[in-house]
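Read through the structure below, which is laid out as structure tokens, and then see the notes.
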Amino acid sequence: MPELPEVETIVRALKFGGRQEPPVIDCVLTGGKVLWVKTLANPPAALFSQRLTGQKVMDVTRRGKFISLNLSDDTLLIHLRMSGDIRVDSARAEDEVDHPLPRHDRLLLYFENGLRLALNDTRKFARAWLVRDPAVVLSTLGPEPLDHEFSAERLGALLSKRQRGIKSLLMDQTVLAGMGNIYTDEALHLARIHPLARPDQLTTADIEHLWLAIQSVLKEGIRRNGASIDWVYRGGDFQNYFRVYGRSGQPCPVCGTLITKTVIGQRGTHYCPTCQPPPPGKRG
DNA sequence: CCTGAAACCTGTCTGC
DNA sequence: TGCAGACAGGTTTCAG
């Protein structure tokens, strides 16, 4: 479900408080519960609660699409995958007898002050890791696209000598961390680059445009608190400003040509055939 | 090295 | 109304 801007929105809510949700920063854990065993990648479920208990949430940060709860001794990393979401409410474990949990809660954390953090995930793809060293999970990730160090030149270096389609490359988390299906389609449209264009054949101007487009769509997504699509609504409204995603058959906001949808790398791909002309030898 | 397909899951929507 | 099939913000694994 979430890409970088949605994860960033959740991280900020956990750290500073959201519309209705209180922050969990500085809160001390009193336990945890594993409702779907496969959601917890590490440690074994039987060791989870005991290892958490007594640790304090020192900070909440983001790396790519991972949420990182930085605890006194360990780090709890959460990846929401397709349908995961975080909820913070006030309820103790003993209250759950009288007040059944919402459907699809997979992992629960309890705090001393009565707060409860739930990882809710309809499709059961989300994963959590409680580890001493977060690098064990995060070390393969590429650079952060919004990092000040990430310049157009850095992007150019990532793209040079790469021949696979640009969309596939941008969504590869070991190349660049945080871009997903929506923001990649949006960035490529803004940069006027076809999703199957070869990275090694982009001009310096193309790369500059692409860098700017990536900055633009991610920052606007964060400014609008992410996008809320499908049956999940968490307050963001970037979905009202999509240029191409989910708009097949509707006019391109730039030139009026009808937006095309195809499948690239098993993912629905939306683009304007006029603004984003296919590269030599490619159709569509 | 790369691509494509399948797997992991549940729910919604579309078309017959 | 019912039902099959496609599809969904992601990643991993395996075959070729």
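Lettering follows sequence order; numbering is per chain, from 1. Since the model is a prediction, treat every value here as computed from it, not as a measurement.
In this structure, Arg127(A) reaches neither bases nor backbone, as no heavy-atom distance under 4.0 Å exists between it and the strands shown. Residue Lys161(A) is out of contact with every strand shown, counting any heavy-atom pair closer than 4.0 Å. Within 4.0 Å (heavy atoms only), Gln266(A) reaches at least one base atom of the nucleic acid.
Within the 4.0 Å cut-off from OP1 or OP2 of dT11(C), at least one side-chain nitrogen or oxygen of His79(A) is found. Dashed line: the shortest gap from a side-chain N or O of Lys124(A) to OP1 or OP2 of dT10(B) is under 4.0 Å. The shortest distance between the side-chain N/O atoms of His104(A) and the OP1/OP2 oxygens of dC9(B) is not below 4.0 Å. Using a 4.0 Å cut-off, no side-chain N or O of Arg123(A) falls inside it from OP1 or OP2 of dG11(B). A sub-4.0 Å separation between OP1 or OP2 of dG10(C) and a side-chain N or O of Gln173(A) is absent. Dashed line: the shortest gap from a side-chain N or O of Lys65(A) to OP1 or OP2 of dG10(C) is under 4.0 Å. Residue Arg162(A) places at least one side-chain N or O under 4.0 Å from the OP1 or OP2 atom of dC2(B). For Arg267(A), no side-chain nitrogen or oxygen approaches OP1 or OP2 of dA8(C) to under 4.0 Å.
For the side chain to side chain contact (heavy atoms under 4.5 Å, CB included) with Pro145(A), the qualifying choice from Leu4(A), Leu155(A), Leu170(A) is Leu4(A), the only one to do so. Exactly one residue among Arg51(A), Met58(A), Gln55(A) makes a side chain to side chain contact (heavy atoms under 4.5 Å, CB included) with Leu71(A). That residue is Gln55(A). Considering Asp185(A), Asp172(A), Thr184(A) in turn, Asp185(A) is the only one that fulfils the side-chain hydrogen bond (donor to acceptor under 3.5 Å, both in side chains) rule with Lys167(A).
For the pair Arg106(A) CZ and dC9(B) P, the interatomic distance rounds to 10 Å; values are reported in whole Å. For Leu80(A) and dG9(C), the CG to C1' distance is 10 Å, given to the nearest whole Å. In this structure, Leu196(A) atom CG and dC2(B) atom P are separated by 16 Å, rounded to whole Å. The separation between Asp172(A) atom CG and dC1(B) atom C1' is 13 Å, rounded to whole Å. As rounded to whole Å, 11 Å separates atom P of dA8(C) from atom CE of Met171(A). For the pair Asp185(A) CG and dG10(C) P, the computed distance is 10 Å after rounding to whole Å. Following rounding to the nearest Å, Tyr245(A) (OH) and dA8(C) (P) show an atom-to-atom distance of 6 Å. Rounded to a whole Å, the CD1 atom of Ile264(A) is 10 Å from the P atom of dG4(B).
To the nearest whole angstrom, the two P atoms, one in dG5(C) and one in dA7(B), are 16 Å apart. The same atom, C1', is picked in dC7(C) and in dA6(B); the two are 16 Å apart, to the nearest Å. Distance check on atom P: dT11(C) versus dG11(B) gives 22 Å, rounded to whole Å. With P as the reference atom, dA6(C) and dA5(B) are 14 Å apart, rounded to whole Å. dG9(C) and dC2(B) have their C1' atoms separated by 25 Å, with the value rounded to a whole Å.
When both pairing distances are held under 3.5 Å, dT11(C) makes a Watson-Crick or G-U pair with dA7(B).
Ring geometry for Tyr183(A) versus Phe238(A): interplanar angle under 30°, hence parallel rather than tilted (30 to 60°).
Side-chain atoms of Trp129(A) and His79(A), non-hydrogen and from C-beta on, do get closer than 4.5 Å to each other. Considering only heavy atoms from C-beta on, Glu21(A) stays 4.5 Å or farther from Ile86(A) through its side chain.
Here the nucleotide nearest the side chain of Arg164(A), chosen from dC9(B), dC2(B), dG9(C), is dC2(B). Considering only the side chain of Lys261(A), dC7(C) comes nearest among dC9(B), dC7(C), dG9(C).
For dG9(C), its base sits under 3.5 Å from the side chain of Glu6(A) at one donor and acceptor pair at least.
Here the side chain of Arg63(A) pairs no donor or acceptor atom with the backbone of Lys65(A) at under 3.5 angstrom.
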